[in-house]
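Order of the sequence lines fixes the chain letters, A, B, ..., with proteins taken first and strands second; residue numbering starts at 1 for each chain.
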Amino acid sequence: MHHLILITWKGLLRDRILQGILVATGIFLFIPSVSVLSMRQVGELAITLSLSLTSFILLLIAIFCGGTALWKDIDRHSIYSVLGLPISRTNYLLGKFFGIAGFLLLISLVLGLLASATIWYVSLTDPPARPILWTNILMALTFDCLKYIMVVAVSFLFSTVSTSFFLPIFGTITLFLGGNVTQEVYDYLQTPAGAALPALTKQIALFLYYLLPNFAVFDLKANAVYSIPLPANGILLPLAYSLAYCGLLLSAAAMLFTRRELH
Amino acid sequence: MKQALSLTLCAAFLLCLLAPVARHMQERPFVQRVGVSPQPAVMRFVTADQKQIFGALEVLKVLIYYGTSLEKAQQHQDIVHDFQGMYPLIKTATRLDPYNMDAYYFAQAILVWDMRRIDEANALLDYGMQYRTWDFYLPFFAGFNHAYFLKDYDKATFYYKRAGELTGSDLFIRLASRYMYEANQTGLAIAYLQTMKAGARNETIKKSFDLRLTAFMAVKRIEDAQAAFLRDLGRPAKTIEEIAQAGYLATPVIDPYGGTFYLDNTGRVRTTSKFAALPSNNAK
(Lines give C-alpha, C1' and ligand atoms only; values in the text may rest on other atoms or scores of the structure.)
Protein backbone atom coordinates (compact mmCIF):
# COMPACT_ATOMS: atom_id res chain seq x y z
CA MET A 1 0.00 0.00 0.00
CA HIS A 2 2.90 2.35 0.69
CA HIS A 3 3.67 2.36 -3.06
CA LEU A 4 0.18 3.68 -3.70
CA ILE A 5 0.66 6.33 -1.05
CA LEU A 6 3.91 7.41 -2.71
CA ILE A 7 2.28 7.44 -6.15
CA THR A 8 -0.53 9.60 -4.78
CA TRP A 9 2.02 12.04 -3.35
CA LYS A 10 3.86 12.16 -6.67
CA GLY A 11 0.57 12.84 -8.42
CA LEU A 12 -0.19 15.73 -6.06
CA LEU A 13 3.26 17.21 -6.60
CA ARG A 14 2.89 16.81 -10.37
CA ASP A 15 -0.36 18.77 -10.18
CA ARG A 16 1.63 21.66 -8.64
CA ILE A 17 -0.55 21.73 -5.55
CA LEU A 18 2.42 22.84 -3.46
CA GLN A 19 2.98 25.93 -5.60
CA GLY A 20 -0.68 26.86 -5.15
CA ILE A 21 -0.40 26.45 -1.40
CA LEU A 22 2.79 28.48 -1.36
CA VAL A 23 1.02 31.40 -3.04
CA ALA A 24 -1.89 31.16 -0.57
CA THR A 25 0.47 31.15 2.40
CA GLY A 26 1.65 34.61 1.32
CA ILE A 27 -1.52 35.88 2.99
CA PHE A 28 0.08 35.09 6.36
CA LEU A 29 2.37 38.07 5.77
CA PHE A 30 -0.61 40.44 5.83
CA ILE A 31 -2.12 39.12 9.06
CA PRO A 32 -0.07 41.36 11.42
CA SER A 33 -1.16 44.47 9.46
CA VAL A 34 -4.82 43.48 9.40
CA SER A 35 -4.86 42.51 13.08
CA VAL A 36 -4.03 46.03 14.26
CA LEU A 37 -7.42 47.17 12.96
CA SER A 38 -8.93 45.53 16.02
CA MET A 39 -9.88 47.82 18.90
CA ARG A 40 -9.34 45.55 21.86
CA GLN A 41 -8.10 42.18 20.64
CA VAL A 42 -5.22 42.47 18.21
CA GLY A 43 -3.61 39.24 19.39
CA GLU A 44 -6.90 37.37 19.32
CA LEU A 45 -7.64 38.63 15.81
CA ALA A 46 -4.22 37.44 14.64
CA ILE A 47 -4.97 33.96 16.02
CA THR A 48 -8.43 34.00 14.40
CA LEU A 49 -7.05 35.01 11.01
CA SER A 50 -4.16 32.53 11.17
CA LEU A 51 -6.38 29.59 12.11
CA SER A 52 -9.05 30.56 9.58
CA LEU A 53 -6.53 30.81 6.76
CA THR A 54 -5.05 27.44 7.68
CA SER A 55 -8.49 25.92 7.86
CA PHE A 56 -9.55 27.38 4.51
CA ILE A 57 -6.46 26.11 2.68
CA LEU A 58 -6.95 22.64 4.16
CA LEU A 59 -10.60 22.70 3.12
CA LEU A 60 -9.69 23.49 -0.48
CA ILE A 61 -7.07 20.73 -0.55
CA ALA A 62 -9.47 18.22 1.00
CA ILE A 63 -12.31 18.97 -1.41
CA PHE A 64 -10.35 19.27 -4.63
CA CYS A 65 -7.73 16.59 -4.03
CA GLY A 66 -10.17 14.21 -2.38
CA GLY A 67 -12.90 14.83 -4.93
CA THR A 68 -10.74 14.32 -8.00
CA ALA A 69 -8.28 11.62 -6.89
CA LEU A 70 -10.30 8.60 -8.02
CA TRP A 71 -11.99 10.38 -10.90
CA LYS A 72 -8.65 11.35 -12.46
CA ASP A 73 -7.35 7.79 -12.34
CA ILE A 74 -10.52 6.50 -13.96
CA ASP A 75 -10.63 9.29 -16.55
CA ARG A 76 -6.97 8.81 -17.50
CA HIS A 77 -7.42 5.02 -17.50
CA SER A 78 -4.40 4.65 -15.22
CA ILE A 79 -6.59 2.77 -12.74
CA TYR A 80 -6.81 -0.23 -15.11
CA SER A 81 -3.08 -0.83 -15.14
CA VAL A 82 -2.90 -0.48 -11.35
CA LEU A 83 -5.82 -2.83 -10.74
CA GLY A 84 -4.23 -5.32 -13.15
CA LEU A 85 -1.54 -5.81 -10.53
CA PRO A 86 -2.13 -8.11 -7.57
CA ILE A 87 -3.77 -5.42 -5.49
CA SER A 88 -7.34 -5.34 -4.29
CA ARG A 89 -9.64 -2.43 -5.00
CA THR A 90 -9.97 -1.87 -1.27
CA ASN A 91 -6.21 -1.52 -0.91
CA TYR A 92 -6.12 0.77 -3.91
CA LEU A 93 -8.81 2.96 -2.37
CA LEU A 94 -7.14 3.00 1.02
CA GLY A 95 -3.75 3.75 -0.54
CA LYS A 96 -5.16 6.78 -2.31
CA PHE A 97 -6.98 7.89 0.85
CA PHE A 98 -3.96 7.59 3.11
CA GLY A 99 -1.84 9.33 0.48
CA ILE A 100 -4.09 12.39 0.57
CA ALA A 101 -4.56 12.16 4.35
CA GLY A 102 -0.77 12.09 4.82
CA PHE A 103 -0.41 15.04 2.46
CA LEU A 104 -3.00 16.94 4.52
CA LEU A 105 -1.06 16.13 7.69
CA LEU A 106 2.15 17.44 6.17
CA ILE A 107 0.53 20.62 4.90
CA SER A 108 -1.16 21.10 8.30
CA LEU A 109 2.24 20.89 9.93
CA VAL A 110 3.73 23.50 7.58
CA LEU A 111 0.71 25.82 7.86
CA GLY A 112 0.62 25.29 11.62
CA LEU A 113 4.24 26.43 11.88
CA LEU A 114 3.51 29.51 9.74
CA ALA A 115 0.39 30.29 11.79
CA SER A 116 2.30 29.90 15.05
CA ALA A 117 5.11 32.15 13.80
CA THR A 118 2.56 34.80 12.82
CA ILE A 119 0.76 34.58 16.17
CA TRP A 120 4.05 34.74 18.05
CA TYR A 121 5.17 37.78 16.04
CA VAL A 122 1.92 39.69 16.71
CA SER A 123 1.96 38.71 20.37
CA LEU A 124 5.35 40.41 20.79
CA THR A 125 3.81 43.83 20.20
CA ASP A 126 0.17 43.16 21.07
CA PRO A 127 -0.15 40.30 23.51
CA PRO A 128 -3.70 38.96 23.90
CA ALA A 129 -5.65 39.84 27.05
CA ARG A 130 -5.17 36.28 28.29
CA PRO A 131 -1.89 34.36 27.89
CA ILE A 132 -1.77 32.30 24.70
CA LEU A 133 -2.35 28.60 25.33
CA TRP A 134 -0.14 27.03 22.66
CA THR A 135 -1.49 23.57 23.41
CA ASN A 136 -4.96 24.85 22.50
CA ILE A 137 -3.63 26.23 19.23
CA LEU A 138 -1.95 22.92 18.51
CA MET A 139 -5.18 21.09 19.31
CA ALA A 140 -7.23 23.42 17.10
CA LEU A 141 -4.84 22.80 14.19
CA THR A 142 -4.78 19.04 14.79
CA PHE A 143 -8.54 18.76 14.95
CA ASP A 144 -8.92 20.90 11.86
CA CYS A 145 -6.66 18.43 10.08
CA LEU A 146 -8.73 15.50 11.38
CA LYS A 147 -11.88 17.22 10.19
CA TYR A 148 -10.54 17.62 6.69
CA ILE A 149 -9.31 14.03 6.60
CA MET A 150 -12.93 13.15 7.30
CA VAL A 151 -13.98 15.45 4.45
CA VAL A 152 -11.61 13.50 2.17
CA ALA A 153 -13.31 10.28 3.29
CA VAL A 154 -16.69 11.82 2.39
CA SER A 155 -15.42 12.79 -1.06
CA PHE A 156 -14.07 9.27 -1.58
CA LEU A 157 -17.48 7.85 -0.80
CA PHE A 158 -19.04 10.08 -3.44
CA SER A 159 -16.23 9.26 -5.90
CA THR A 160 -16.94 5.56 -5.74
CA VAL A 161 -20.40 6.02 -7.23
CA SER A 162 -19.73 8.96 -9.52
CA THR A 163 -18.58 9.03 -13.12
CA SER A 164 -17.47 12.67 -13.00
CA PHE A 165 -15.94 15.00 -10.43
CA PHE A 166 -19.12 17.05 -10.00
CA LEU A 167 -20.78 14.80 -7.46
CA PRO A 168 -17.64 14.28 -5.33
CA ILE A 169 -16.86 18.00 -5.23
CA PHE A 170 -20.32 19.52 -4.90
CA GLY A 171 -21.61 16.64 -2.79
CA THR A 172 -18.71 17.07 -0.40
CA ILE A 173 -19.22 20.84 -0.20
CA THR A 174 -22.92 20.30 0.55
CA LEU A 175 -22.20 17.68 3.18
CA PHE A 176 -19.48 19.87 4.69
CA LEU A 177 -21.92 22.78 5.09
CA GLY A 178 -24.60 20.41 6.36
CA GLY A 179 -22.20 18.80 8.83
CA ASN A 180 -21.35 22.20 10.22
CA VAL A 181 -24.96 23.19 10.96
CA THR A 182 -26.42 19.98 12.37
CA GLN A 183 -25.18 20.94 15.84
CA GLU A 184 -26.86 24.36 15.49
CA VAL A 185 -30.12 22.65 14.56
CA TYR A 186 -29.79 20.21 17.45
CA ASP A 187 -29.16 23.09 19.88
CA TYR A 188 -32.18 24.90 18.48
CA LEU A 189 -34.34 21.83 19.09
CA GLN A 190 -33.43 22.01 22.78
CA THR A 191 -34.86 25.55 23.06
CA PRO A 192 -38.57 26.26 23.81
CA ALA A 193 -39.02 27.45 20.20
CA GLY A 194 -37.50 24.22 18.91
CA ALA A 195 -39.60 22.09 21.24
CA ALA A 196 -42.72 23.68 19.75
CA LEU A 197 -41.90 22.35 16.25
CA PRO A 198 -44.01 19.51 14.79
CA ALA A 199 -42.92 16.08 16.01
CA LEU A 200 -42.12 14.85 12.49
CA THR A 201 -39.84 17.82 11.81
CA LYS A 202 -38.00 17.17 15.05
CA GLN A 203 -37.61 13.47 14.23
CA ILE A 204 -36.19 14.25 10.79
CA ALA A 205 -33.82 16.84 12.25
CA LEU A 206 -32.63 14.38 14.90
CA PHE A 207 -32.18 11.64 12.32
CA LEU A 208 -30.02 13.94 10.17
CA TYR A 209 -28.09 15.08 13.23
CA TYR A 210 -27.04 11.54 14.03
CA LEU A 211 -26.56 10.48 10.40
CA LEU A 212 -24.51 13.36 8.98
CA PRO A 213 -20.93 13.96 10.09
CA ASN A 214 -20.86 16.47 12.92
CA PHE A 215 -17.96 18.74 11.95
CA ALA A 216 -18.73 21.17 14.78
CA VAL A 217 -17.10 18.80 17.29
CA PHE A 218 -13.72 19.52 15.69
CA ASP A 219 -14.04 23.29 15.94
CA LEU A 220 -11.75 24.35 18.77
CA LYS A 221 -11.04 27.83 17.42
CA ALA A 222 -12.78 29.64 20.29
CA ASN A 223 -10.65 27.65 22.79
CA ALA A 224 -7.50 28.56 20.88
CA VAL A 225 -8.31 32.23 20.27
CA TYR A 226 -9.57 33.07 23.76
CA SER A 227 -7.45 30.58 25.73
CA ILE A 228 -10.47 28.73 27.07
CA PRO A 229 -9.39 25.52 28.82
CA LEU A 230 -10.11 22.32 26.91
CA PRO A 231 -11.81 19.50 28.81
CA ALA A 232 -10.38 16.00 28.27
CA ASN A 233 -13.70 14.94 26.73
CA GLY A 234 -13.33 17.72 24.20
CA ILE A 235 -10.20 16.00 22.90
CA LEU A 236 -10.89 12.30 23.31
CA LEU A 237 -14.47 12.21 22.03
CA PRO A 238 -13.80 14.05 18.72
CA LEU A 239 -10.76 11.84 18.20
CA ALA A 240 -12.79 8.66 18.68
CA TYR A 241 -15.63 10.12 16.61
CA SER A 242 -13.36 10.86 13.65
CA LEU A 243 -11.85 7.36 13.76
CA ALA A 244 -15.28 5.74 13.88
CA TYR A 245 -16.81 7.95 11.19
CA CYS A 246 -13.82 7.69 8.83
CA GLY A 247 -13.86 3.91 9.30
CA LEU A 248 -17.55 3.84 8.42
CA LEU A 249 -17.15 6.05 5.35
CA LEU A 250 -14.14 4.13 4.04
CA SER A 251 -15.83 0.77 4.62
CA ALA A 252 -18.87 1.93 2.68
CA ALA A 253 -16.63 3.40 -0.04
CA ALA A 254 -14.63 0.16 -0.31
CA MET A 255 -17.81 -1.88 -0.55
CA LEU A 256 -19.24 0.29 -3.29
CA PHE A 257 -15.95 0.55 -5.17
CA THR A 258 -15.45 -3.23 -5.14
CA ARG A 259 -18.87 -3.73 -6.73
CA ARG A 260 -18.50 -0.95 -9.24
CA GLU A 261 -18.15 -1.85 -12.90
CA LEU A 262 -15.15 -0.12 -14.43
CA HIS A 263 -15.08 0.12 -18.22
CA MET B 1 0.44 39.46 -33.21
CA LYS B 2 -3.36 39.60 -33.03
CA GLN B 3 -3.29 38.17 -29.52
CA ALA B 4 -0.77 40.78 -28.37
CA LEU B 5 -2.89 43.53 -29.92
CA SER B 6 -6.02 42.19 -28.26
CA LEU B 7 -4.21 41.97 -24.92
CA THR B 8 -2.93 45.54 -25.22
CA LEU B 9 -6.36 46.89 -26.18
CA CYS B 10 -8.08 45.09 -23.32
CA ALA B 11 -5.45 46.26 -20.83
CA ALA B 12 -5.81 49.85 -22.06
CA PHE B 13 -9.60 49.62 -21.88
CA LEU B 14 -9.40 48.24 -18.34
CA LEU B 15 -6.98 50.98 -17.30
CA CYS B 16 -9.41 53.59 -18.61
CA LEU B 17 -12.19 52.01 -16.58
CA LEU B 18 -10.35 51.78 -13.26
CA ALA B 19 -10.61 55.45 -12.30
CA PRO B 20 -14.33 55.84 -13.21
CA VAL B 21 -15.20 52.65 -11.36
CA ALA B 22 -13.34 53.82 -8.25
CA ARG B 23 -15.04 57.24 -8.51
CA HIS B 24 -18.45 55.61 -8.92
CA MET B 25 -17.87 53.50 -5.81
CA GLN B 26 -16.71 56.59 -3.93
CA GLU B 27 -19.80 58.54 -4.92
CA ARG B 28 -22.31 55.93 -3.79
CA PRO B 29 -24.74 57.29 -1.22
CA PHE B 30 -22.95 57.11 2.10
CA VAL B 31 -25.74 55.17 3.74
CA GLN B 32 -25.21 52.24 1.40
CA ARG B 33 -21.76 51.49 2.61
CA VAL B 34 -22.42 50.00 6.00
CA GLY B 35 -24.31 47.30 4.12
CA VAL B 36 -26.69 44.79 5.53
CA SER B 37 -26.12 41.47 7.16
CA PRO B 38 -28.45 38.49 7.13
CA GLN B 39 -30.09 37.45 10.38
CA PRO B 40 -27.60 36.09 12.93
CA ALA B 41 -29.17 32.62 12.73
CA VAL B 42 -28.69 32.57 8.95
CA MET B 43 -25.12 33.79 9.29
CA ARG B 44 -24.36 31.01 11.76
CA PHE B 45 -25.54 28.49 9.18
CA VAL B 46 -23.65 29.85 6.20
CA THR B 47 -20.35 30.65 7.89
CA ALA B 48 -19.75 26.99 8.71
CA ASP B 49 -16.51 26.69 10.70
CA GLN B 50 -15.40 30.27 10.02
CA LYS B 51 -17.69 32.03 12.50
CA GLN B 52 -14.93 33.90 14.35
CA ILE B 53 -13.46 35.48 11.24
CA PHE B 54 -16.87 36.54 9.93
CA GLY B 55 -17.67 38.01 13.34
CA ALA B 56 -14.44 39.98 13.26
CA LEU B 57 -15.16 41.17 9.72
CA GLU B 58 -18.60 42.45 10.72
CA VAL B 59 -17.04 44.54 13.51
CA LEU B 60 -14.32 45.86 11.20
CA LYS B 61 -16.94 46.85 8.64
CA VAL B 62 -18.85 48.85 11.25
CA LEU B 63 -15.68 50.38 12.63
CA ILE B 64 -14.52 51.57 9.21
CA TYR B 65 -17.99 52.95 8.50
CA TYR B 66 -18.04 54.77 11.83
CA GLY B 67 -14.55 56.19 11.32
CA THR B 68 -15.48 57.55 7.90
CA SER B 69 -18.73 59.05 9.12
CA LEU B 70 -16.97 60.68 12.07
CA GLU B 71 -14.48 62.32 9.72
CA LYS B 72 -17.25 63.55 7.43
CA ALA B 73 -19.21 64.94 10.36
CA GLN B 74 -16.13 66.76 11.61
CA GLN B 75 -15.76 68.30 8.16
CA HIS B 76 -19.42 69.43 8.56
CA GLN B 77 -20.48 67.45 5.50
CA ASP B 78 -24.20 67.00 5.18
CA ILE B 79 -24.59 63.25 5.11
CA VAL B 80 -27.23 60.73 6.10
CA HIS B 81 -25.84 58.44 8.76
CA ASP B 82 -26.85 54.83 9.01
CA PHE B 83 -26.13 54.42 12.68
CA GLN B 84 -29.29 52.40 13.12
CA GLY B 85 -27.79 49.88 10.71
CA MET B 86 -24.73 49.38 12.88
CA TYR B 87 -26.54 47.66 15.74
CA PRO B 88 -27.70 44.59 13.73
CA LEU B 89 -24.17 44.10 12.45
CA ILE B 90 -22.69 44.27 15.91
CA LYS B 91 -25.34 41.90 17.19
CA THR B 92 -24.59 39.47 14.37
CA ALA B 93 -20.90 39.66 15.22
CA THR B 94 -21.60 38.64 18.82
CA ARG B 95 -23.81 35.78 17.71
CA LEU B 96 -21.07 34.52 15.39
CA ASP B 97 -18.37 34.92 17.99
CA PRO B 98 -19.78 35.53 21.49
CA TYR B 99 -16.25 36.07 22.79
CA ASN B 100 -15.47 38.96 20.42
CA MET B 101 -14.46 41.82 22.73
CA ASP B 102 -14.31 44.35 19.88
CA ALA B 103 -18.06 44.01 19.41
CA TYR B 104 -18.85 44.67 23.08
CA TYR B 105 -16.36 47.50 23.27
CA PHE B 106 -17.83 49.15 20.20
CA ALA B 107 -21.35 48.68 21.56
CA GLN B 108 -20.35 50.41 24.77
CA ALA B 109 -18.32 53.16 23.13
CA ILE B 110 -20.71 54.07 20.33
CA LEU B 111 -24.15 52.50 20.75
CA VAL B 112 -24.43 53.82 24.28
CA TRP B 113 -22.99 57.29 23.95
CA ASP B 114 -23.81 58.25 20.38
CA MET B 115 -26.98 56.33 19.71
CA ARG B 116 -28.35 56.18 23.25
CA ARG B 117 -29.37 52.57 22.66
CA ILE B 118 -28.72 51.67 26.26
CA ASP B 119 -31.07 48.69 26.51
CA GLU B 120 -29.68 47.08 23.37
CA ALA B 121 -26.11 47.63 24.54
CA ASN B 122 -26.95 46.17 27.95
CA ALA B 123 -28.54 43.14 26.29
CA LEU B 124 -25.33 42.61 24.29
CA LEU B 125 -23.24 42.96 27.45
CA ASP B 126 -25.44 40.46 29.31
CA TYR B 127 -25.03 38.06 26.41
CA GLY B 128 -21.26 38.51 26.43
CA MET B 129 -21.04 37.94 30.19
CA GLN B 130 -22.33 34.40 29.68
CA TYR B 131 -19.20 33.66 27.66
CA ARG B 132 -16.45 36.04 28.78
CA THR B 133 -16.81 34.91 32.36
CA TRP B 134 -13.31 36.13 33.26
CA ASP B 135 -13.67 39.64 31.86
CA PHE B 136 -14.45 42.46 34.31
CA TYR B 137 -14.98 45.00 31.54
CA LEU B 138 -18.44 43.77 30.61
CA PRO B 139 -19.99 44.07 34.11
CA PHE B 140 -18.07 47.34 34.51
CA PHE B 141 -19.74 48.71 31.36
CA ALA B 142 -23.15 47.36 32.35
CA GLY B 143 -22.83 48.80 35.85
CA PHE B 144 -22.02 52.22 34.47
CA ASN B 145 -24.93 52.12 32.00
CA HIS B 146 -27.40 51.20 34.71
CA ALA B 147 -26.13 53.84 37.13
CA TYR B 148 -25.46 56.73 34.80
CA PHE B 149 -28.07 56.40 32.08
CA LEU B 150 -30.85 54.30 33.55
CA LYS B 151 -30.52 55.40 37.21
CA ASP B 152 -31.11 51.78 38.19
CA TYR B 153 -28.77 51.69 41.18
CA ASP B 154 -29.70 48.19 42.35
CA LYS B 155 -28.65 46.68 39.07
CA ALA B 156 -25.57 48.90 38.95
CA THR B 157 -24.55 47.53 42.35
CA PHE B 158 -25.05 43.98 41.10
CA TYR B 159 -22.77 44.51 38.08
CA TYR B 160 -20.11 46.47 39.96
CA LYS B 161 -19.99 43.74 42.58
CA ARG B 162 -19.47 41.22 39.82
CA ALA B 163 -16.67 43.34 38.34
CA GLY B 164 -15.18 43.63 41.81
CA GLU B 165 -15.26 39.87 42.29
CA LEU B 166 -13.50 39.34 38.97
CA THR B 167 -10.71 41.81 39.64
CA GLY B 168 -10.45 41.30 43.38
CA SER B 169 -10.49 45.10 43.65
CA ASP B 170 -12.95 47.01 45.78
CA LEU B 171 -12.85 49.93 43.36
CA PHE B 172 -16.00 48.79 41.60
CA ILE B 173 -17.83 48.13 44.81
CA ARG B 174 -17.00 51.63 45.95
CA LEU B 175 -18.48 52.89 42.71
CA ALA B 176 -21.75 51.15 43.46
CA SER B 177 -25.22 52.58 43.63
CA ARG B 178 -25.65 54.78 46.68
CA TYR B 179 -22.19 56.28 46.33
CA MET B 180 -22.79 57.05 42.68
CA TYR B 181 -26.16 58.54 43.36
CA GLU B 182 -24.86 60.84 46.02
CA ALA B 183 -21.59 61.60 44.28
CA ASN B 184 -21.04 63.93 41.42
CA GLN B 185 -22.35 62.24 38.29
CA THR B 186 -20.25 64.36 35.95
CA GLY B 187 -17.11 63.52 37.89
CA LEU B 188 -18.02 59.86 37.63
CA ALA B 189 -18.54 60.12 33.87
CA ILE B 190 -15.17 61.83 33.48
CA ALA B 191 -13.44 59.11 35.50
CA TYR B 192 -15.21 56.46 33.43
CA LEU B 193 -14.31 58.09 30.11
CA GLN B 194 -10.70 58.50 31.18
CA THR B 195 -10.56 54.77 31.96
CA MET B 196 -12.10 53.93 28.60
CA LYS B 197 -9.77 56.27 26.74
CA ALA B 198 -6.69 54.86 28.44
CA GLY B 199 -7.61 51.39 27.19
CA ALA B 200 -8.55 52.48 23.66
CA ARG B 201 -6.15 51.43 20.90
CA ASN B 202 -8.16 52.52 17.92
CA GLU B 203 -7.66 56.14 16.91
CA THR B 204 -11.27 56.70 15.84
CA ILE B 205 -12.60 55.46 19.15
CA LYS B 206 -9.97 57.45 21.03
CA LYS B 207 -11.04 60.59 19.16
CA SER B 208 -14.66 59.93 20.06
CA PHE B 209 -13.73 59.59 23.75
CA ASP B 210 -11.62 62.74 23.58
CA LEU B 211 -14.51 64.73 22.22
CA ARG B 212 -16.89 63.50 24.90
CA LEU B 213 -14.32 63.97 27.62
CA THR B 214 -13.81 67.60 26.56
CA ALA B 215 -17.58 68.14 26.70
CA PHE B 216 -17.90 66.62 30.17
CA MET B 217 -14.96 68.65 31.44
CA ALA B 218 -16.73 71.77 30.18
CA VAL B 219 -19.86 70.72 32.07
CA LYS B 220 -17.75 70.11 35.18
CA ARG B 221 -16.33 73.62 34.87
CA ILE B 222 -19.81 75.11 34.78
CA GLU B 223 -20.98 72.90 37.67
CA ASP B 224 -18.01 73.96 39.80
CA ALA B 225 -18.67 77.64 39.03
CA GLN B 226 -22.38 77.10 39.75
CA ALA B 227 -21.52 75.59 43.15
CA ALA B 228 -19.17 78.49 43.95
CA PHE B 229 -21.90 80.97 42.94
CA LEU B 230 -24.40 79.32 45.29
CA ARG B 231 -21.88 79.13 48.14
CA ASP B 232 -20.82 82.79 47.84
CA LEU B 233 -24.13 84.45 46.98
CA GLY B 234 -26.51 82.17 48.86
CA ARG B 235 -28.84 81.65 45.91
CA PRO B 236 -28.72 79.45 42.80
CA ALA B 237 -27.82 80.96 39.45
CA LYS B 238 -30.56 81.04 36.84
CA THR B 239 -28.39 81.12 33.73
CA ILE B 240 -24.82 80.44 32.72
CA GLU B 241 -24.48 84.05 31.63
CA GLU B 242 -25.32 85.12 35.18
CA ILE B 243 -22.50 82.90 36.50
CA ALA B 244 -20.08 84.34 33.94
CA GLN B 245 -21.09 87.93 34.67
CA ALA B 246 -20.51 87.30 38.39
CA GLY B 247 -16.92 86.39 37.47
CA TYR B 248 -17.05 82.66 38.17
CA LEU B 249 -16.31 81.65 34.58
CA ALA B 250 -13.22 83.47 33.37
CA THR B 251 -13.38 82.20 29.79
CA PRO B 252 -16.41 81.13 27.76
CA VAL B 253 -17.27 77.43 27.96
CA ILE B 254 -17.43 75.81 24.51
CA ASP B 255 -19.35 72.67 23.65
CA PRO B 256 -17.09 70.64 21.31
CA TYR B 257 -20.21 69.16 19.69
CA GLY B 258 -21.22 72.59 18.48
CA GLY B 259 -24.10 73.19 20.89
CA THR B 260 -24.70 75.85 23.53
CA PHE B 261 -24.72 75.15 27.25
CA TYR B 262 -27.67 76.26 29.37
CA LEU B 263 -29.24 75.56 32.77
CA ASP B 264 -32.56 73.71 32.75
CA ASN B 265 -35.48 74.30 35.17
CA THR B 266 -33.88 72.13 37.83
CA GLY B 267 -30.55 73.91 37.53
CA ARG B 268 -28.79 71.07 35.72
CA VAL B 269 -26.26 71.91 33.01
CA ARG B 270 -27.55 70.93 29.57
CA THR B 271 -26.46 71.54 26.02
CA THR B 272 -28.43 72.00 22.82
CA SER B 273 -26.19 69.43 21.11
CA LYS B 274 -27.23 66.75 23.62
CA PHE B 275 -23.60 65.63 23.55
CA ALA B 276 -24.10 63.92 20.23
CA ALA B 277 -23.38 65.98 17.18
CA LEU B 278 -23.37 62.88 15.07
CA PRO B 279 -26.15 60.34 15.22
CA SER B 280 -28.60 61.38 17.86
CA ASN B 281 -29.20 64.67 16.15
CA ASN B 282 -29.84 62.84 12.92
CA ALA B 283 -31.86 60.12 14.51
CA LYS B 284 -34.13 62.45 16.39
For [X], which atoms come within 4.5 Å of any heavy atom of chain B: side chain, backbone, both, or neither?
{"X": "A/Leu59", "value": "neither"}
{"X": "A/Leu37", "value": "both"}
{"X": "A/Val36", "value": "neither"}
{"X": "A/Tyr188", "value": "neither"}

Tell me whether the count of non-hydrogen atoms from other residues, nucleotides or ligands lying under 6.0 Å of NZ in B/Lys155 goes above 12.
no
For B/Leu63, is it the side chain, the backbone, both or neither that has a heavy atom under 4.5 Å from a heavy atom of chain A?
side chain
With chain B as the partner chain, list the residues of residues 104-136 of chain A whose heavy atoms fall under 4.5 Å from it, by residue number, and write 'none' if nothing qualifies.
A/Asp126, A/Pro127, A/Arg130
Applying a criterion of heavy atom separation less than 4.5 Å, what residues of residues 48-56 of chain A form contacts with chain B?
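When heavy atoms of chain B are the reference, residues 48-56 of chain A contributes A/Thr48, A/Leu49, A/Ser52, A/Ser55, A/Phe56 within the under-4.5 Å range.
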Side-chain donor-acceptor contacts of residues 204-215 of chain A below 3.5 Å, not counting sequence neighbours, with atom names and distances?
residue, atom, partner, partner atom, Å
A/Tyr209, OH, A/Gln183, OE1, 2.8
A/Asn214, OD1, A/Ala216, N, 3.1
A/Asn214, ND2, A/Gln183, OE1, 2.8

When you check the side-chain N and O atoms of B/Tyr137 and A/Arg40, is any donor under 3.5 Å from an acceptor?
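Short answer, yes.
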Pair B/Asp97-A/Tyr226, side-chain donor/acceptor within less than 3.5 Å
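On atom types as modelled, these side chains qualify, holding a pair under 3.5 Å.
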Can B/Asn100 and A/Glu44 be said to form a side-chain contact (heavy atoms from CB on, under 4.5 Å), step by step?
CA-CA 9 Å; B/Asn100 190 321; A/Glu44 286 88 341; over 6 Å; no
If the contact rule is any heavy atom under 4.5 Å from chain A, which residues of residues 122-132 of chain B qualify, in numerical order?
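The residues closer than 4.5 Å to chain A, in numerical order, are B/Arg132.
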side-chain contact (heavy atoms from CB on, under 4.5 Å) between B/Val59 and A/Met39: does it pass, once the steps are laid out?
CA-CA 10 Å; B/Val59 179; A/Met39 289 177 285; 4.1 Å; yes
Non-hydrogen side-chain atoms of B/Lys51 and A/Asp219 separated by less than 4.5 Å:
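No, side chains not in contact.
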Can you tell me how far CG of B/Asp49 sits from CZ of A/Phe143, rounded to the nearest 0.5 angstrom?
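Output value for this atom pair is 15.0 Å.
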Specify the closest pair of heavy atoms between A/Ser38 and B/Leu60, including all atoms of both residues, with the distance to one decimal.
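Looking at all heavy atoms of both residues, the shortest contact is N-CD2, 4.4 Å.
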